[in-house]
Amino acid sequence: RDYASRNNIVILKIFFEIGVSGRKAKKRPQFQEMIGAAKGKDHPVDMILVWKFSRFARNQEESIVYKSMLKKDNVDVISVSEPLIEGPFGSLIERIIEWMDEYYSIRLSGEVKRGMKEKAKKGGYQSAPPLGYRREKGDTVPVIYEPEAKIYRLIKKYFIQDEYNPTTIARTLNDQGYRTRQGNRFEARVIIYILRNPFYIGKIRWNRSSHGGYYENSPEDVIVSDGQHEPLCTNEEWDIISKRIKKYTPGSTGRRRSKTLLPHYLS
């Protein structure tokens with residue numbers, strides 16, 4: 001605002017992004033809205049003001065692409081704290097700043113991941129506890145939350161009985177009125193995830209998957225360490241579950257027909 005007032009600039013709108021990474025533009029709805037507004041057909045603005053170029057983007061390739069798109073509509077991106085001189089040398093300095101911003105972001109990400117890895121090795125808790133547990137205010141170690149713990153005990157009981165598979169367990173729970181922590185109906189994949197989670201035998205697992213959970217990481221990249229929380233599953237029960245769950249995990253073969261399906265004489 002101070003920069004705008006000193007340079008006779010009228011600010012039309014301020015866009016905020018709190019807790020959002022600048023590495024991927026497609027994951028930044030406020031950024032996309034800003035670009036769309038700036039590229040309006042009636043040429044609504046002459047410039048986009050940022051505190052630093054890193055606030056515009058932390059990915060040099062995307063930074064160049066979006067600045068070029070704006071340039072075609074005669075919209076400049078100006079850093080209030082990083083003034084540039086006119087001419088090709090100014091463009092060179094801008095590219096160097098963009099590269100440094102991207103390098104810093106990559107390095108910071110690596111340091112954060114390294115710190116999380118070390119914490120996981122020491123049995124530290126870094127994510128929300130699974131179904132059946134919760135953190136009390138001020139506590140770092142999750143404790144058993146009985147309203148959800150009884151759901152896990154039912155899942156464990158049904159699966160160990162061998163006459164239930166993940167699909168039948170999900171349907172049975174739904175029929176009994178149980179729902180996930182988010183209030184959704186249970187699905188087979190959710191049951192499988194719960195049954196495979198070593199948290200229930202007192203372990204902590206870190207770096208199980210990547211890309212939002214769609215791809216499981218290789219076993220050597222996954223860290224499993226002893227936790228400090230009270231388990232809901234014994235080692236004997238876990239051994240039974242581990243043997244049976246293999247046929248329901250990716251890459252397995254064979255499929256058992258659900259026993260909850262209505263019987264029909266043509267089945």
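Worth knowing before you read on, the calculation uses all heavy atoms, side chains too, and leaves out hydrogens, waters and symmetry mates.
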Inset, instruction - Give, for atom OH of Tyr133 and atom CD1 of Ile144, the distance between the pair rounded to the nearest 0.5 Å. - result: 5.0 Å
Inset, instruction - Check whether any side-chain heavy atom of Leu154 lies under 4.5 Å from a side-chain heavy atom of Tyr178, and answer yes or no. - result: yes
Inset, instruction - Return the set of residues passing side chain to side chain donor-acceptor pair (under 3.5 Å) with Arg135 (not counting sequence neighbours), or none when no residue passes. - result: none
Legend entry - Pairwise side-chain contact, Val77 with Met47, heavy-atom cut-off 4.5 Å (strictly under): no
Legend entry - Distance-minimising heavy-atom pair for Arg28 and Phe56: NH1-O, 2.8 Å
Inset, instruction - Please check if the side chain of Asn7 supplies one atom and the backbone of Tyr3 the other of a donor-acceptor pair under 3.5 Å. - result: yes
Inset, instruction - Of all the heavy-atom pairs spanning Ser242 and Ile245, show the shortest one and how long it is. - result: O-CG2, 3.4 Å
Legend entry - Gap between atom CD of Glu62 and atom CE of Met69 - 0.5 Å precision: 11.0 Å
Inset, instruction - Please answer: with hydrophobic residues joined when any side-chain heavy atoms are less than 4.5 Å apart, are Ile201 and Val141 in the same cluster? - result: no
Legend entry - Spacing of NZ belonging to Lys156 relative to CD1 belonging to Ile194, to within rounding of 0.5 Å: 13.0 Å
Inset, instruction - Check Arg181, Arg134, Arg153 against Glu148 for a side chain to side chain donor-acceptor pair (under 3.5 Å) and give me the one that passes. - result: Arg181
Legend entry - Spacing of Ile241 atom CD1 and Lys246 atom NZ [to the nearest 0.5 Å]: 13.5 Å
Legend entry - Nearest-0.5 Å distance, CD1 of residue Ile240 to OG1 of residue Thr234: 7.5 Å
Inset, instruction - Please answer whether the main-chain N or O of Asn165 pairs with a side-chain N or O of Arg244 as donor and acceptor at a distance below 3.5 Å. - result: no
Inset, instruction - Check the hydrophobic clustering (I, L, V, M, F, W, Y; side-chain heavy atoms under 4.5 Å; chains of links allowed) and say if Ile11 and Val50 are grouped together. - result: no
Legend entry - Set of residues satisfying side chain to side chain donor-acceptor pair (under 3.5 Å) with respect to Gln182, sequence neighbours excluded: none
Legend entry - Pairing residues for Tyr145 by the ring pair (Phe, Tyr, Trp, His ring centres under 6.0 Å) criterion, not counting sequence neighbours: none
Inset, instruction - With the side chain counted from C-beta on, respond yes when Lys203 and Asn197 share a heavy-atom pair under 4.5 Å apart, and no when they do not. - result: no
Legend entry - Verify same cluster id: Leu49, Val45 (apolar side-chain graph, 4.5 Å): no
Inset, instruction - Step by step, work out the side chain to side chain contact (heavy atoms under 4.5 Å, CB included) result for Lys67 and Phe53. - result: CA-CA 11 Å; Lys67 286 179 181 177; Phe53 284 121; 3.5 Å; yes
Legend entry - Least distance between heavy atoms, Asn174 atom then Arg179 atom: O-NH1, 3.3 Å
Inset, instruction - Return the set of residues passing side chain to side chain donor-acceptor pair (under 3.5 Å) with Lys150 (not counting sequence neighbours), or none when no residue passes. - result: none
Legend entry - Stacked cation flag Arg205 on Phe199, 6.0 angstrom / 45 deg: no
Legend entry - Atom CZ of Arg189: over 12 foreign heavy atoms under 6.0 Å: no
Inset, instruction - Can you see which heavy atom on Tyr158 is nearest to which on Gln176, and at what distance? - result: OH-NE2, 3.0 Å
Inset, instruction - State, yes or no, whether a side-chain contact exists between Val75 and Ile48 at a heavy-atom distance under 4.5 Å. - result: yes
Inset, instruction - Would you mind checking if Lys13 and Glu33 are paired as a salt bridge, meaning a charged N to carboxylate O distance below 4.0 Å? - result: yes
Legend entry - Rounded distance (nearest 0.5 Å) linking atom CD1 of Ile151 with atom CG of Leu131: 5.0 Å
Inset, instruction - For His229 and Pro231, indicate whether the former's side chain and the latter's backbone hold a donor-acceptor pair under 3.5 Å. - result: no
Inset, instruction - Look at Lys27 together with Glu17 and state whether they make a salt bridge at an N to O cut-off of under 4.0 Å. - result: no
Inset, instruction - Kindly indicate whether the side chain of Ile204, heavy atoms from C-beta on, has any atom under 4.5 Å from the side chain of Val224. - result: no
Inset, instruction - Determine whether the aromatic ring centres of Tyr200 and Tyr152 lie less than 6.0 Å apart. - result: yes
Inset, instruction - Check whether any side-chain N or O of Thr168 sits under 3.5 Å from a backbone N or O of Tyr164 as a donor-acceptor pair, and report yes or no. - result: no
Inset, instruction - Please report the shortest heavy-atom distance between Pro44 and Leu12, naming the atom on each side. - result: O-CD1, 3.5 Å
Legend entry - Pair listing, side chain to side chain donor-acceptor pair (under 3.5 Å) test, anchored in residues 72-85, at least two apart: Lys39-Asp73, Lys71-Asp76, Ser79-Glu82
Inset, instruction - Mind checking ring pair (Phe, Tyr, Trp, His ring centres under 6.0 Å) for Tyr66 and listing every partner two or more places apart, or none if nothing turns up? - result: Phe31
Inset, instruction - Over all heavy atoms of both residues, which pair between Leu232 and Glu237 is shortest? Give the atoms and the distance, please. - result: O-OE1, 4.5 Å
